[in-house]
S.K.: 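Here it is, the structure, as structure tokens.
For reference, positions follow the sequence shown, starting with 1.
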Amino acid sequence: MAESRVQHAANPPWMHPTMLHPAHERRLCRLDDVPDGGALALTDGADDLLLTRRGDAISAFRNVCPHAGQRLDWAPGKFLIRDGVLVCAAHGASFAALDGTCLGGPCRGDRLRAVALRVVAGEVLRLLE
Ligand code: FES
């Protein structure tokens, strides 16, 4: 009996995995673009976003503080972040960098507004609402 040479649902070898993301996803950056233990500011359409990362864990939020609606960075793309805590430059509210919970300050108990992501082959994709 002849050996089967049927290939099953494989993508063409020239097709990078990120080329497969459907219309409800949009590429934001590479995972490595976000400093490990730090944050990155991005503009995606009309949204100012901030991305935080620790190792392979990454999160994205609107760059809008729930206290008074100001940006969290003290200069564009410059964040006060250390040991997993992100501090709003306006009035000092502190947030858990990966889940966005306010840990202290004027909006304690509130949280940053999260943006859904997934990572495919090192590419960070935003899941559009
Ligand atoms: S606007 Fe962020 S703490 Fe006030």
S.K.: Within the supplied structure, the quantity of interest is the number of heavy atoms (other residues, nucleotides, ligands) at a distance under 6.0 Å from D32 CG; does it exceed 12?
M.R.: yes
S.K.: Answer yes or no: is there a donor N or O on one side and an acceptor on the other, between the side chain of N63 and the main chain of L72, under 3.5 Å?
M.R.: yes
S.K.: Do NZ/NE/NH1/NH2 and the carboxylate oxygens of E25 and R126 come within less than 4.0 Å?
M.R.: no
S.K.: Is it the case that one hydrophobic cluster holds both L42 and V124, taking links as side-chain heavy atoms less than 4.5 Å apart, direct or via other members?
M.R.: yes
S.K.: How many angstroms lie between CZ in F95 and CZ in R111, if you round to the nearest 0.5 Å?
M.R.: 10.5 Å
S.K.: Can you tell me how far apart CG (L117) and CG (L28) are? Round to the nearest 0.5 Å.
M.R.: 6.5 Å
S.K.: Distance from Q70 atom CD to C88 atom SG, nearest 0.5 Å?
M.R.: 6.5 Å
S.K.: Would you say V87 and L103 are hydrophobically clustered, going by side-chain heavy atoms of ILVMFWY under 4.5 Å?
M.R.: yes
S.K.: Please report the interatomic distance NE2(H24) to CG(L125), rounded to the nearest 0.5 Å.
M.R.: 9.5 Å
S.K.: Count I, L, V, M, F, W, Y as connected when their side-chain heavy atoms are under 4.5 Å apart, and connections chain through other members. Are W74 and L49 then in the same cluster?
M.R.: no
S.K.: Partners of V34 by side-chain contact (heavy atoms from CB on, under 4.5 Å), sequence neighbours excluded?
M.R.: C29, L40, L51, R53, I58
S.K.: Can you pull the salt bridge (charged side-chain N to carboxylate O under 4.0 Å, His left out) pairs that have at least one residue in residues 66-95, sequence neighbours excluded?
M.R.: D48-R71, R71-D73
S.K.: Can you list everything that forms a side-chain contact (heavy atoms from CB on, under 4.5 Å) with L98? Sequence neighbours excluded, please.
M.R.: T52, R54, A57, S59
S.K.: Going from SG on C65 to CG on L50, what distance comes out if it is rounded to the nearest 0.5 angstrom?
M.R.: 10.5 Å
S.K.: Taking L31 as the starting point, is it possible to reach V115 by hopping between hydrophobic residues whose side chains are less than 4.5 Å apart?
M.R.: yes
S.K.: Heavy atoms, side chains only, cut-off 4.5 Å: are R62 and D47 in contact?
M.R.: yes
